[in-house]
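Here's the structure we're looking at; comments come further down.
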Amino acid sequence: MAEQGEPAPAPVEEGPLGQRLESKTWKTRTEAYEELAKLFEAGDEAAFEEYAESLSKFLKDSNVNAQDKAIEAASAFARKAPTGTIARVAGAMMGVAVDKAFGQAKCKAKAQELAMLLVEAESGEAVA
């Protein structure tokens, strides 16, 4: 409960996934990124195609907690998406991961893992 003079926490919004991914409320975006990661892990081909081009934008999230979940979703994408789909967006995702996420202490390890997954997906070989 908010103390007197403090704003009440923003509620998590409901609605279609695409709308929640664009929400102004970081908690809503965080939950949407978690849902997106589950779709990617499940191998949802429609989700791969619908959200592939948006992943680099999600990785730029201004809230570090939401950005952390966006990195998890991008990693699930890199593990499960078809190679052609990954190849189409890997460069943009890598650039954002290095530029924005490597500098965040909370996100650095996950961003490094994402970078390795993208390299592996592009090369077809495991990176040691």
Side-chain angles (χ1 to χ4, degrees):
M1 175 171 252
E3 302 222 0
Q4 193 164 10
E6 289 182 22
V12 174
E13 299 167 27
E14 295 181 10
L17 179 59
Q19 180 181 336
R20 290 181 288 127
L21 289 166
E22 301 291 334
S23 173
K24 293 185 186 296
T25 307
W26 71 267
K27 287 184 180 181
T28 300
R29 291 191 313 274
T30 298
E31 287 190 8
Y33 295 144
E34 290 173 345
E35 184 177 331
L36 185 60
K38 289 177 186 173
L39 290 174
F40 290 155
E41 286 293 340
D44 187 318
E45 291 185 31
F48 294 139
E49 288 304 317
E50 184 173 353
Y51 297 108
E53 303 294 332
S54 301
L55 285 169
S56 59
K57 177 183 171 193
F58 300 157
L59 293 171
K60 295 178 188 177
D61 201 295
S62 60
N63 180 282
V64 70
N65 295 309
Q67 184 184 40
D68 186 59
K69 295 301 179 182
I71 293 168
E72 289 179 10
S75 294
F77 173 87
R79 280 190 294 276
K80 298 288 188 163
T83 305
T85 305
I86 296 170
R88 193 173 73 232
V89 298
M93 288 173 58
M94 180 72 81
V96 173
V98 170
D99 187 42
K100 300 289 183 187
F102 275 36
Q104 295 283 354
K106 179 175 181 165
C107 299
K108 187 173 184 176
K110 288 181 182 177
Q112 289 172 336
E113 177 188 355
L114 171 60
M116 298 296 258
L117 288 168
L118 292 169
V119 169
E120 288 175 359
E122 288 251 300
S123 70
E125 297 179 20
V127 177

Quick one: closest heavy-atom pair of [X] and [Y], and the distance?
X: Trp26; Y: Ala66; result: O-CB, 4.1 Å
X: Thr83; Y: Ala121; result: CG2-O, 3.9 Å
X: Thr30; Y: Lys69; result: CG2-CG, 3.5 Å
X: Ala47; Y: Leu39; result: CB-CB, 4.0 Å
X: Ala32; Y: Leu17; result: O-CD1, 3.5 Å
X: Ala76; Y: Ala37; result: CB-O, 3.8 Å

Please confirm whether the backbone N or O of Ser23 pairs with a side-chain atom of Arg29, one donor and one acceptor, at under 3.5 Å?
yes
With distance as the sole test, does Ser75 use its side chain to make a donor-acceptor pair with the main-chain N or O of Ile71 at under 3.5 Å?
yes
Are [X] and [Y] close enough for a salt bridge, meaning some N to O gap below 4.0 Å?
X: Glu34; Y: Arg20; value: no
X: Glu113; Y: Lys108; value: no
X: Lys38; Y: Glu35; value: no

May I ask you to check whether Asp68 and Tyr33 show a side-chain donor-acceptor distance below 3.5 Å?
no
Are Lys27 and Asn65 close enough that a side-chain donor and a side-chain acceptor fall under 3.5 Å?
no
Do the side chains of Leu117 and Val89 join up, straight or via other hydrophobic residues, at under 4.5 Å, putting them in one cluster?
no
Hydrophobic clusters here meaning ILVMFWY residues chained together by side-chain heavy-atom distances under 4.5 Å, can you tell me if Val96 and Val64 are in one?
no
Within residues 39-48 or reaching into it, pairs that qualify as side-chain hydrogen bond (donor to acceptor under 3.5 Å, both in side chains) - sequence neighbours excluded:
Glu41-Arg79
Does the side chain of [X] reach to within under 4.5 Å of the side chain of [Y], using non-hydrogen atoms?
X: Leu21; Y: Thr28; result: no
X: Gln67; Y: Lys60; result: no
X: Thr85; Y: Phe77; result: yes

NZ/Lys80: more than 12 non-hydrogen atoms of other groups inside 6.0 Å
no
Derivation and outcome, side-chain contact (heavy atoms from CB on, under 4.5 Å), residues Leu118 and Met93
CA-CA 8 Å; Leu118 292 169; Met93 288 173 58; 3.9 Å; yes
Could you walk me through whether Phe58 and Glu22 pass the side-chain contact (heavy atoms from CB on, under 4.5 Å) test, one step at a time?
CA-CA 9 Å; Phe58 300 157; Glu22 301 291 334; 3.9 Å; yes
